[in-house]
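Structure first, then comments.
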Amino acid sequence: MNLRTAWLALVQHHALDRPTALQLESLAPWHEPPPQLQRHLWRTVAVLAAALGGLGIVMWIASNWDTLGRPARFALLQGFVAVMYAGALWRAAARVPLGILALLGTGALFAYFGQTYQTGADPWQLFAWWAVLTLPLAIAGRSDALWAPWVLVATTGIALWAQAHTGHRWRVLPQDLGVHLLALSAALGVTAAMLPLPALQRVTGAGLWSLRTAGALAITLVTTTALPALFHSPVAPHYALGLLLLAGTAGVAGQRRCFDLFLLSAATLGLNVLQVTGLARLILEGSRSDLLGGLLMVGLLAAGLLAGSVQLVMRVARHAQALGPQSPSAQPHVDAQPGTTEDNA
């Protein structure tokens, strides 16, 4: 119920006359702008301006690409990255938008380097260097606007590393368990680094969006790695590994200090997908003569499992809410550091 609806309900319930109703209305803050509007509005505008400005620069470079030689192209890309880094270092108020441009420019520079000099390096190496070289930038920026794209770069590098070490194919074979274990552990490690623990946030300054971006990517990677294991006979060990990792992720996301409803729901959904597909294989293999009955049984079990999971998630959420605001959803956003726009206004 919003404030206006609550006001109308109070007026009707207590049969207030017009002067009293107007006096009660004056106490409601819906005529005033939201208290955090100025802070978040200009930060959002700055990030969008940086993204549009970077897109404009990319379009300008693309339109003049044929008229530039190789040295000029490298000089242009390197100069752009250097100017953005220098601007982020010199102008603290514009550190986040300039940092976004520097991060994107670094990726463009690596992409052009890989296209120009055929060194034989795997794509994951370029993404790995991209993530390593821009990690200090993300730490200095202390903003979700920087951490979220950095997490995307790092997780893409991890996925490409796994692909390169499994015969350059997206395969899931029993002998590849070690490679996938390292890759999935690294993806979940990136998520763990974004957790709202005081010791970590003093270093990263990451907030909700970077945590949820990293968690969603890691959970997707775990689920899509575990699912193909069901197509092997016997089932490849990746399936059990996926169940274990998702259960652990759900357990961490359900803890009071790390509670996040989005991550808990995503991990639970991944568990449901793996459990339902595992049950489908088990039931359909044993009921080949009665395929319709097997499908009906799978549907009933899936509905029951989903209902039970929703109830469990809601119970954990209510329990965490009753214990107090210790979850990242209840904590203030941690990118209001010295050097942001509102601190320098």
Side-chain angles (χ1 to χ4, degrees), residues 152 155-156 158-159 162-163 166 169-177 179-181 183-185 187-188 191 208-209 211-255 258-322 327 329:
L152 179 60
T155 308
T156 303
I158 292 170
Q163 186 258 357
T166 53
R169 294 184 297 162
W170 300 103
R171 73 184 187 192
V172 176
L173 297 177
Q175 61 265 28
D176 299 326
L177 180 62
V179 173
H180 289 294
L181 176 61
L184 299 181
S185 300
L188 291 174
T191 305
L208 267 182
W209 289 107
L211 171 66
R212 291 174 176 177
T213 301
L217 292 173
I219 290 170
T220 302
L221 188 60
V222 171
T223 306
T224 54
T225 301
L227 272 178
L230 288 171
F231 294 95
H232 294 274
S233 183
V235 177
H238 301 71
Y239 179 73
L241 175 64
L243 289 174
L244 181 63
L245 291 177
L246 289 178
T249 302
V252 172
Q255 296 296 316
C258 305
F259 179 77
D260 186 76
L261 184 59
F262 175 85
L263 287 185
L264 178 60
S265 301
T268 305
L269 177 61
L271 280 171
N272 277 347
V273 170
L274 293 184
Q275 290 173 339
V276 169
T277 50
L279 288 172
R281 168 170 175 163
L282 181 64
I283 292 174
L284 294 179
E285 278 187 345
S287 60
R288 293 181 179 178
S289 59
D290 187 11
L291 184 60
L292 184 59
L295 289 174
L296 179 60
M297 178 65 68
V298 171
L300 292 174
L301 290 175
L305 185 62
L306 179 61
S309 300
V310 171
Q311 291 295 325
L312 180 61
V313 169
M314 293 177 63
R315 183 180 304 173
V316 173
R318 285 194 295 266
H319 180 68
Q321 185 178 9
S327 68
S329 303

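All values derive from a computational prediction rather than experimental measurement.
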Output, in order, the C-alpha distance, side-chain angles, deciding distance and verdict of side-chain contact (heavy atoms from CB on, under 4.5 Å) for His232 and Leu173.
-> CA-CA 8 Å; His232 294 274; Leu173 297 177; 3.3 Å; yes

Check the pair Leu274, Thr223 against side-chain contact (heavy atoms from CB on, under 4.5 Å), reporting the backbone distance first and the verdict last.
-> CA-CA 7 Å; Leu274 293 184; Thr223 306; 4.3 Å; yes

Go through the steps to decide whether Leu184 and Leu221 satisfy the test side-chain contact (heavy atoms from CB on, under 4.5 Å), and finish with yes or no.
-> CA-CA 7 Å; Leu184 299 181; Leu221 188 60; 3.7 Å; yes

Begin from the C-alpha positions of Val316 and Phe259 and carry the test side-chain contact (heavy atoms from CB on, under 4.5 Å) through to its verdict.
-> CA-CA 9 Å; Val316 173; Phe259 179 77; 4.0 Å; yes

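Using a 4.5 Å cut-off on side-chain heavy atoms (C-beta onward), Leu301 and Val276 make no contact. Contact of the Val172 side chain with the Leu227 side chain is not registered, since no non-hydrogen atoms from C-beta on lie closer than 4.5 Å. Put simply, the side chain of Pro237 does not reach to within 4.5 Å of the side chain of His180, judged on heavy atoms. Residues Thr249 and Leu263 have side chains not in contact (no heavy-atom distance under 4.5 Å, counting atoms from C-beta outward). Counting heavy atoms from C-beta outward, Leu295 and Leu284 have side chains that approach closer than 4.5 Å. You'll find the side chain of Phe262 stays beyond 4.5 Å of the side chain of Leu211, heavy atoms only.
A side chain to side chain contact (heavy atoms under 4.5 Å, CB included) with Leu246 is found for exactly one of Leu188, Ile219, Thr268, namely Ile219.
A donor atom on one side chain and an acceptor atom on the other are not found under 3.5 Å apart for Thr166 and Asp176.
Summarising the geometry of Ala226 relative to His238, their closest heavy-atom pair is CB-O, 3.6 Å, with the distance given to 0.1 Å. Of all heavy-atom pairs spanning Val313 and Ser265, the tightest one is CG1-OG, 3.9 Å. Here the shortest heavy-atom pairing between Leu230 and Gly278 reads CD1-N, 3.8 Å. Considering all non-hydrogen atoms of both residues, Leu261 and Ala317 come closest at CD1-CB, 4.1 Å. Summarising the geometry of Ala183 relative to Ile158, their closest heavy-atom pair is O-CG2, 3.2 Å, with the distance given to 0.1 Å.
Atom SG of Cys258 sits about 12.0 Å away from atom CG of Leu264, to the nearest 0.5 Å. How far CD of Gln311 is from CG of Leu306: 10.5 Å, rounded to the nearest 0.5 Å. To the nearest 0.5 Å, atom CG of residue Asp260 and atom CG of residue Leu208 are 6.0 Å apart.
Residues passing the salt bridge (Lys or Arg N to Asp or Glu O under 4.0 Å) test with Arg315, sequence neighbours excluded: none.
Between the side chain of Thr155 and the backbone N or O of Ala187, no donor-acceptor pair lies under 3.5 Å.
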